[in-house]
Amino acid sequence: MGQKEHKHHHGHDHTEPPKDPALRVKALESLLVEKGLVDPAAIDEIVEIYETKVGPRNGAKVIAKAWTDAEFKDWLLDDATAAIASLGYTGRQGEHMKIVENTDDIHNVVVCTLCSCYPWTVLGLPPVWYKSAPYRARVVSDPKSVLAEFGTELPAGKKIKVWDSTSEMRFLVMPQRPEGTDGWTEEQLEELVSRNSMIGVEEALNPGEV
Amino acid sequence: MSEAQQNICLNMPLLPKDEEGPVFSEPWQAQAFAMAVKLCEDGYFTWQEWVEEFSQQIKKAQAAGDPDLGDTYYLHWINCLEEMVAAKKMVSLGDMQLRKEQWRQAYIDTPHGEPVLL
């Protein structure tokens, strides 16, 4: 049974509201739903078609660079916000990023109830399951079984750390570089870094899985 | 892609898209896109009406000084969506404004990590 550790930043007694256009969309949708004019599930269904088409998906580039460039990796672990910004990928709401590194001993997983706390400037649109109440509750209480549902079996004794993102601090997981990738270029390595591996519910792909 | 979605791609030449279809730079844009598609699919307005209103919105924004370089595309979209919904007497603009402020307050009043509810 992997130990779990729930990191939570205290002192946040409110939630930062989204930007004006996002609030307008939310307002309109909630009114139309209340009047029975649209079915929220039908809206989600359309959005899901485009799930991979929302926002930049530069997280894999960041990770692949860290895997091949030790100096960049040190910087990224020390000050992810600045290191990521140096590649031209900046958050729009001034949020801070922190990279948590998977090692032989520790596997990291990220969670947050709200899509505003998903690092979409590097990961694109949050998947529907990430926003769901069951994921948030269960990844904290029983991360091992949640990972198992994603097909992720960790070696016995590996600790799982769960990181709760806040509006000020968003976490991104640096998966371990897969074996058998010596001499690979950044571009090749990028292909191995899935979105789910940066949320932490999966590991990076192996060379044979691409 | 549904017929309505194909219609948008054909009739909205400036829509940000790649070879497979529309792309969005922020999540709310996909939501606004989906709502327009759904309302049109369900017959609340036609694509012809949408395209006409949309071009009005762009003219209005340009007249107000928007250089209209593509980054404001979905602001025109949400303006258009609100006007269409109001014109079709589905929801009034005043109710939308009120609801928006209620949501803003709900976020401020909700401790981080709790679901935001009205």
Side-chain angles (χ1 to χ4, degrees), chain A residues 8-35 37-40 42-56 92 111-118 120-121 124-126 131 133 136 140 164-168, chain B residues 1-2 4-5 16-18 20-39 41-42 44 72 74-75 77-79 81-82 84-86 88 90-93 95-118:
Chain A
H8 198 99
H9 290 249
H10 293 281
H12 298 289
D13 52 1
H14 77 284
T15 303
E16 189 63 25
K19 294 191 302 184
D20 195 69
L23 279 177
R24 287 166 66 188
V25 169
K26 205 170 168 59
L28 186 53
E29 184 175 354
S30 68
L31 286 163
L32 290 171
V33 168
E34 269 169 30
K35 289 174 182 260
L37 297 169
V38 301
D39 171 6
I43 302 292
D44 284 348
E45 211 172 283
I46 297 173
V47 171
E48 271 178 66
I49 301 173
Y50 301 104
E51 186 179 287
T52 62
K53 297 290 182 184
V54 180
R92 290 159 207 224
V111 64
C112 182
T113 39
L114 301 163
C115 57
S116 62
C117 296
Y118 182 81
W120 64 265
T121 51
L125 189 69
K131 294 186 282 185
R136 180 180 181 273
V140 172
D164 195 353
S165 285
T166 68
S167 50
E168 287 85 16
Chain B
M1 220 185 293
S2 74
Q5 288 162 60
K17 53 181 179 268
D18 65 13
E20 289 172 13
V23 296
F24 308 93
S25 61
E26 302 189 27
W28 66 266
Q29 299 177 349
Q31 218 100 27
F33 173 85
M35 254 190 286
V37 167
K38 189 66 193 138
L39 292 174
E41 280 177 350
D42 290 348
Y44 290 105
T72 51
Y74 276 100
L75 282 178
W77 190 282
I78 180 72
N79 288 339
L81 186 58
E82 288 177 346
M84 284 296 271
V85 165
K88 297 292 175 186
M90 300 166 77
V91 179
S92 75
L93 290 172
D95 283 353
M96 292 179 215
Q97 178 66 24
L98 183 66
R99 178 59 60 90
K100 183 183 82 173
E101 292 311 323
Q102 288 169 340
W103 274 118
R104 191 192 307 279
Q105 198 55 46
Y107 275 88
I108 292 168
D109 294 344
T110 303
H112 179 85
E114 306 278 326
V116 179
L117 301 169
L118 282 181

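Chain letters run A, B, ... following the sequence lines, proteins first, then strands; residues in each count from 1. All values reported here derive from a predicted model rather than from experimental measurement.
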Could you give the distance from [atom1] ([X]) to [atom2] ([Y]), rounded to the nearest 0.5 Å?
{"X": "Glu34(A)", "Y": "Asp95(B)", "atom1": "CD", "atom2": "CG", "answer": "10.0 Å"}
{"X": "Leu39(B)", "Y": "Ile43(A)", "atom1": "CG", "atom2": "CD1", "answer": "6.5 Å"}
{"X": "Met84(B)", "Y": "Leu28(A)", "atom1": "CE", "atom2": "CG", "answer": "12.0 Å"}
{"X": "Gln102(B)", "Y": "Leu23(A)", "atom1": "CD", "atom2": "CG", "answer": "12.0 Å"}

Discussion item. Can you list everything that forms a side chain to side chain donor-acceptor pair (under 3.5 Å) with Lys100(B)? Sequence neighbours excluded, please.
Written reply: Asp20(A)
Which atom pair, heavy atoms only, marks the closest approach of [X] to [Y]?
{"X": "Arg99(B)", "Y": "Ser30(A)", "answer": "NH1-OG, 2.9 Å"}
{"X": "Ala27(A)", "Y": "Met96(B)", "answer": "CB-O, 3.8 Å"}
{"X": "Ala32(B)", "Y": "Val25(A)", "answer": "CB-CG2, 3.9 Å"}

Worksheet item: For Lys26(A), is it the side chain, the backbone, both or neither that has a heavy atom under 4.5 Å from a heavy atom of chain B?
Response: both
Worksheet, complete the sentence: Cut-off 4.5 Å, heavy atoms of chain B, and the answer for Val38(A) is side chain
Fill in: Check against side-chain contact (heavy atoms from CB on, under 4.5 Å), Met35(B) and Glu29(A)
CA-CA 8 Å; Met35(B) 254 190 286; Glu29(A) 184 175 354; 3.8 Å; yes
Worksheet entry | Which residues share a side chain to side chain contact (heavy atoms under 4.5 Å, CB included) with Ile108(B), sequence neighbours left out |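 Per chain and number, Ile108(B) pairs via side chain to side chain contact (heavy atoms under 4.5 Å, CB included) with Pro17(A), Arg104(B), Gln105(B).
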Worksheet item: Where on Leu98(B) is there a heavy atom nearer than 4.5 Å to chain A: the side chain, the backbone, both, or neither?
Response: neither
Worksheet item: chain A heavy atoms under 4.5 Å from Tyr44(B): which part of the residue, side chain, backbone, both or neither?
Response: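 It is the side chain, since no backbone atom gets that close.
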Item to complete: Would you check, one step at a time, whether the test side-chain contact (heavy atoms from CB on, under 4.5 Å) holds for Val85(B) with Leu31(A)?
Response: CA-CA 11 Å; Val85(B) 165; Leu31(A) 286 163; over 6 Å; no
Worksheet item: Near Glu45(A) CD, under 6.0 Å, is it more than 12 heavy atoms from other residues, nucleotides or ligands?
Response: no
